[in-house]
Engineer: 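Here it is, the structure, as structure tokens.
Not measured: the values here are computed from a predicted model. First the proteins, then the strands, lettered A, B, ... as listed; each starts at 1.
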2 protein chains.
Amino acid sequence: MTAPPTERTPTLADVARRAGVSTATVSRCLNTPDRVIEETRNRVLQAVRDLGYSPNFGARALAAKRTNTIGAVIPTMENAIFARGLQAFQEELRLKGITLLVASSSYRADLEEEQIRTLVARGADGLFLIGAHRDPALYDFLNRRGIPTLVAWVHDPNAPVPTIGFDNHSAMLDLARRVIADGHRHIGVISAEQAGNDRARARVAAIRAAMDEAGLDPDALSLVETAYGIDEGAAAFEALMQRTPRPTVVMCGNDVLAVGAMGRAKEMGYDVPGDVSITGFDDIELAKVCSPGLTTVHVPHRQMGTRAARALISMVSEGTPGQGQRLDTRVVLRGSLGPPRA
Amino acid sequence: MTAPPTERTPTLADVARRAGVSTATVSRCLNTPDRVIEETRNRVLQAVRDLGYSPNFGARALAAKRTNTIGAVIPTMENAIFARGLQAFQEELRLKGITLLVASSSYRADLEEEQIRTLVARGADGLFLIGAHRDPALYDFLNRRGIPTLVAWVHDPNAPVPTIGFDNHSAMLDLARRVIADGHRHIGVISAEQAGNDRARARVAAIRAAMDEAGLDPDALSLVETAYGIDEGAAAFEALMQRTPRPTVVMCGNDVLAVGAMGRAKEMGYDVPGDVSITGFDDIELAKVCSPGLTTVHVPHRQMGTRAARALISMVSEGTPGQGQRLDTRVVLRGSLGPPRA
DNA sequence: TCGTCAAATGTAAGCGCTTACATTGCTAGG
DNA sequence: CCTAGCAATGTAAGCGCTTACATTTGACGA
């Protein structure tokens, strides 16, 4: 990067001149090679190589009115929860020659909207979002613009766009039933912020439902809401354990919070699950690695990403309305859950 | 997304018409507002709002020859190693109104090159890459195109572009010295693939150097190279422990491999660090959470991201050549390292 | 041999925006 | 009262590409 300015970036016209053809022919070589006779094509491709030409994306998008790009907005890149699903999503797109643009919203609706608009302005042919709950005006905007949009991480047949994911409520219900069956009566819950987060709300509601079902008072549930992160989980756990009655189990809205809670439990000298059980949600790698292993809900992240990619691709290329899918989750029992001490 | 086709996306010209001004004035309102008198500006902004206008990125890039976009290619998104630094990088860019485009290369040089070219074609004003080692022709290409490029995760004053990172060799040297001082003589190493990965190479070389220093035979080092991942770390660990002489410590090229190794150690019934010590590199969250805690090298990820962003921004906007920086690492001692059993 | 038609290629009109330059309408000094 | 000079705005030329349409070429049937 030392050299003074630089040489001019070669354009289609340069290639055309060098190959002795028109710009249209060069364009065809690149986009519809079979519409150009082989000899000409070779000459053009050679010129492309000689010049180190690569097409200008903006110009291409402008002229062709599509970008072969799909945009994704995820709440955070800072950990594995979305990474695995997104990776699978991207791999599937790559197979079809589609580029993925990723932005993160830090779990903030206003930033998400900003990112969505940025992606739309950049010409994303389709959009991949997490969670179905957002301002109807936003859906409206996407609809008017004709941007195919797909939501993952939840499954909700009533959402305004196709959703590919799992039923957060029934997934957490399974786990909560199991916890109650183990004999727990004082349940602490560490949830992500529920405002604007339909996954978090559904999960908490499911725990209440399970308590209700079992004849426990759902209001006896001891809840702490907190931001995302290991440290936040730890702090929330500490707060919870100081309440009366002290919970015998702490159910966390996701594995990251749970791992934080478990770490703090050890620091505070609690035995897990002897003194207090801890559960998570997601089954990310962290859950297997900590000790005791974390009892959690397994979510088929990669499958979700792959299917979402396929569905979105067909929405974009065939203009079909798109079909939601419900995936199954399952409770994974590991050492962190046990019966309360008598 | 039910509606039939859709209304046409509003353009600058639509806004201009509605506000009763020329397209140039609208453009100025958006880009250099102080060159337009307030009354006119208000009228234009109102029209923008009424129409829900947002500028077409491609057209803008085409006309203005810059995109306010910086591209990054990282080896993987699947875990926390690059996530934290990248997040900090992005936050800093956002402050200046610059968009970040992220692509991942799966640790493959050919994919990295492809991604770089894609980003360049998309008009990235600057590039952020991991590790300094790559085909000189690629650096040459970037140089000819005049794309300011910055490398992070290593510091190497001799690299063809500015590097902001740490000295992988001396960082690992510190840790290896410590390991040897603890009395270990049979050292196993689990490294990421060294080909094309200067960080991995430097780290392994540093362990050899420390052994040499201590009068041990550097060739006695027992090495396994493996792909990235917890499972891969586990498998490598198992292989290492079957060799003779059996290592009393397994030093891993990064925390993810180390956590995999530790998991397998437990499964195999080894006590850590009683039977075998394990060390990592990076100090990601995982390292704190597993038990025993992982002895590792702390890398100032966020600081690295923030500084890289500032440096790259000034390279892009001021056209300065850019200045590398060396950051400090430190060994973090946790429970996973102890003296070998007598 | 000629006409027909399809394949190969060329011509040129935009796509939506920025910006150099031209124009307009004031203000203020002479 | 004229005009230089400046601020506000308008005009229009591209930016690099795709693609509808026009043209050329050559193979083939009659």
Engineer: Rounded to whole Å, how long is the line connecting atom CG of A:L62 with atom P of D:dG14?
Structural biologist: 17 Å

Engineer: Summarise protein proximity over nucleotides 17-24 of chain D in one line of letters, 5' to 3': B for base, S for sugar-phosphate only, - for none, counting protein heavy atoms closer than 4.0 Å.
Structural biologist: BBB-----

Engineer: Report the distance from atom CZ of A:F57 to atom C1' of C:dC15, rounded to the nearest whole Å.
Structural biologist: 14 Å

Engineer: Do the side chain of B:S317 and the main chain of B:I313 share a donor and acceptor less than 3.5 angstrom apart?
Structural biologist: yes

Engineer: What is the distance, rounded to the nearest whole Å, between atom CZ of B:R41 and atom P of D:dA7?
Structural biologist: 15 Å

Engineer: In whole angstroms, how far is the P atom of C:dT9 from the CG atom of A:N42?
Structural biologist: 11 Å

Engineer: Round to a whole Å and report the spacing from CZ of B:R35 to C1' of D:dA7.
Structural biologist: 9 Å

Engineer: For A:W153 and A:F82, take the angle between the two ring planes, folded into 0 to 90°, and tell me which bin it lands in: parallel under 30, tilted 30 to 60, perpendicular over 60.
Structural biologist: tilted

Engineer: Please state how far atom CZ in B:R122 lies from atom P in D:dG16, giving the value in whole angstrom units.
Structural biologist: 18 Å

Engineer: On DNA chain D, does the nearest nucleotide to B:R43 precede the nearest nucleotide to B:K65 from the 5' side, or the other way round? Give the residue.
Structural biologist: B:R43

Engineer: What is the distance, to the nearest angstrom, from the CZ atom on A:R17 to the C1' atom on D:dG16?
Structural biologist: 12 Å

Engineer: Between B:R302 and B:E91, is there a salt bridge with N-O shorter than 4.0 Å?
Structural biologist: yes

Engineer: Establish, from distance only, whether the side-chain atoms of B:Q46 and B:R49 form a donor-acceptor pair under 3.5 Å.
Structural biologist: yes

Engineer: Side chain of B:H133, backbone of B:N197: donor and acceptor closer than 3.5 Å?
Structural biologist: no

Engineer: Any idea which of D:dT9, D:dC15, C:dT11 is nearest the B:T40 side chain?
Structural biologist: D:dT9

Engineer: Scan the side chains in residues 66-77 of chain B for donor-acceptor partners under 3.5 Å anywhere in the protein, sequence neighbours excluded, and list what turns up.
Structural biologist:
| from | atom 1 | to | atom 2 | distance (Å) |
| --- | --- | --- | --- | --- |
| B:T67 | OG1 | B:T69 | N | 3.3 |
| B:T67 | OG1 | B:G123 | O | 2.5 |
| B:T67 | OG1 | B:D125 | OD1 | 3.2 |
| B:T69 | OG1 | A:R122 | NH1 | 3.2 |
| B:T69 | OG1 | A:R122 | NH2 | 2.8 |
| B:T69 | OG1 | B:T67 | O | 3.1 |
| B:T76 | OG1 | B:E78 | N | 2.9 |

